[in-house]
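Count residues from 1 along the sequence. Just so it is clear, the values below take in all heavy atoms, side chains as well, and ignore hydrogens, waters and symmetry mates. Keep in mind that what you see is a predicted model, and the values were worked out from it rather than measured.
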Amino acid sequence: MSIGRVVMVLLCLGQGACSMSSASAGGEVRSAPVVAPVEAVDASTLAGYHWKLQSASDAQGARIAALFVRPDRPVQLDFADGRLSISQLCNAKAAPYRIEQGRLLLGPMLSTMMACVQPELDALDQAVVRRLSGKPAISLDREGAMPQLKLVTPSGNVLLFTGQPTAETRYGGPGATVFLEVAPQEVPCDTPVSRGATCLNVRERHYDRHGLKAGEPGPWHALVQTIEGYTHAPGVRNVLRVKRYASGTPAGDVYVLDMVVESHSPTPP
């Protein structure tokens with residue numbers, strides 16, 4: 001091996017991976033594939049995305065159909081403040097987490113207590129928790145258009161999640177938490193885009209640090225902006241916890257649904 005080729009090999013080893021060419025006896029040049037780097041997984045990166053389950057396979061490469069009982073609502077992981085939240089199951093679940101030596105370690109799991117009428121949904125809850133609680137290896141790949149989070153269980157199951165930026169990531173900050181009461185019926189409003197449109201009729205509500213109502217609600221007004229993640233059902237009054245972000249555009253602030261605090265359907269006659 002020439003001195004120049006030895007230097008190239010050492011550079012490749014020092015940088016982790018690179019594309020190398022080798023010549024065969026006939027002079028044909030062959031290129032080795034470039035290996036995409038896998039990043040160390042840190043809490044800030046995990047917290048910057050909603051992680052939606054894209055694929056899942058067992059040790060033999062077969063698709064794990066039990067994890068996709070609702071294809072339109074893939075299992076979602078959210079990491080924030082040292083806690084992992086699991087949604088799009090029958091029951092929402094959460095647990096403290098940490099990463100040690102490339103593995104995801106979970107603490108005691110908390111869960112809502114809704115009855116899972118459909119057996120496959122109850123099985124989904126158990127299947128997800130069993131795999132996440134088994135200290136899976138965790139890795140992150142950000143080479144593509146969307147980041148990919150991979151979990152590999154000790155039994156060889158491979159779960160691949162695609163990251164979608166959170167509102168904090170998209171709008172560059174934590175946003176302000178606001179509680180909005182949404183009236184049962186929309187009201188007429190004028191927008192720059194469409195005259196004669198209807199908008200949500202809202203007023204701001206206030207709560208103390210114990211979660212109890214405090215002070216008087218604000219005045220009712222038409223909310224020209226939409227609330228990301230919220231679909232209004234006519235006749236239903238809701239109290240929403242939303243995040244408000246300054247957009248810096250003439251369209252005004254951006255509202256993103258955080259959770260539905262109260263929901264009241266009309267009383268039947």
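Minimum interatomic distance between Tyr255 and Val242 (heavy atoms only, all atoms of both residues): CD2-CG2, 3.9 Å. Across Asn201 and Gln185, no two heavy atoms sit closer than the pair CB-O, 3.8 Å. Of all heavy-atom pairs spanning Pro147 and Arg142, the tightest one is CB-CG, 4.0 Å.
Here the side chain of Trp51 pairs a donor or acceptor atom with the backbone of Leu46 at under 3.5 angstrom. Judged by distance alone, with hydrogens and angles left aside, the side-chain atoms of Arg70 form a donor-acceptor pair with the main-chain N or O of Leu89 at under 3.5 Å. Proximity of a side-chain donor or acceptor of His264 to a complementary backbone N or O of Pro184 within less than 3.5 Å is not detected. The closest donor-acceptor contact from the side chain of Arg131 to the backbone of Ala127 lies under 3.5 Å. For Ser133 (side chain) and Val129 (main-chain N/O), a donor-acceptor pair under 3.5 Å exists by modelled atom type. Judged by distance alone, with hydrogens and angles left aside, the side-chain atoms of Thr169 form a donor-acceptor pair with the main-chain N or O of Gly48 at under 3.5 Å.
Around atom CG of Asp81, no more than 12 heavy atoms belonging to other residues, nucleotides or ligands sit under 6.0 Å away. In Lys150, the NZ atom is not crowded: 12 or fewer heavy atoms of neighbouring residues, nucleotides or ligands sit closer than 6.0 Å.
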Requested in this report: Carefully, step by step, assess Arg98 and Glu100 under the rule salt bridge (charged side-chain N to carboxylate O under 4.0 Å, His left out).
Outcome: CA-CA 7 Å; Arg98 68 185 189 277; Glu100 290 184 2; 2.6 Å; yes
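A salt bridge is defined here as a Lys NZ or Arg NE, NH1 or NH2 lying under 4.0 Å from an Asp or Glu carboxylate O, and Glu216 with Arg203 fails to meet this definition. Contact check on Arg170 versus Glu228 returns a salt bridge, with a Lys/Arg side-chain nitrogen under 4.0 Å from an Asp/Glu carboxylate oxygen.
Under a hydrophobic-cluster definition in which Ile, Leu, Val, Met, Phe, Trp and Tyr are linked whenever side-chain heavy atoms come within less than 4.5 Å, directly or via other members, Leu121 and Leu67 are assigned to the same cluster. Cluster annotation: Leu77 is connected to Val69 through the hydrophobic network of ILVMFWY side chains, with a link wherever side-chain heavy atoms come within less than 4.5 Å. In the hydrophobic clustering of this structure, Ile227 does not group with Val256; members are Ile, Leu, Val, Met, Phe, Trp, Tyr whose side-chain heavy atoms approach within less than 4.5 Å, directly or through other members. Tracing side-chain contacts under 4.5 Å through hydrophobic residues (I, L, V, M, F, W, Y), one reaches Leu140 starting from Val75; they form part of the same cluster. Taking hydrophobic clusters as Ile, Leu, Val, Met, Phe, Trp and Tyr residues chained together by side-chain heavy-atom distances below 4.5 Å, Ile64 does not share a cluster with Val158.
Applying the ring pair (Phe, Tyr, Trp, His ring centres under 6.0 Å) criterion to Tyr207, with sequence neighbours excluded, gives Phe179.
Counting only heavy atoms from C-beta outward, the side chains of Val239 and Leu180 never approach each other to under 4.5 Å. Taking the side chain as every heavy atom from C-beta outward, Leu240 and Val261 never approach each other to under 4.5 Å.
In this structure, a donor-acceptor pair under 3.5 Å is present between the side chains of Thr112 and Asn91.
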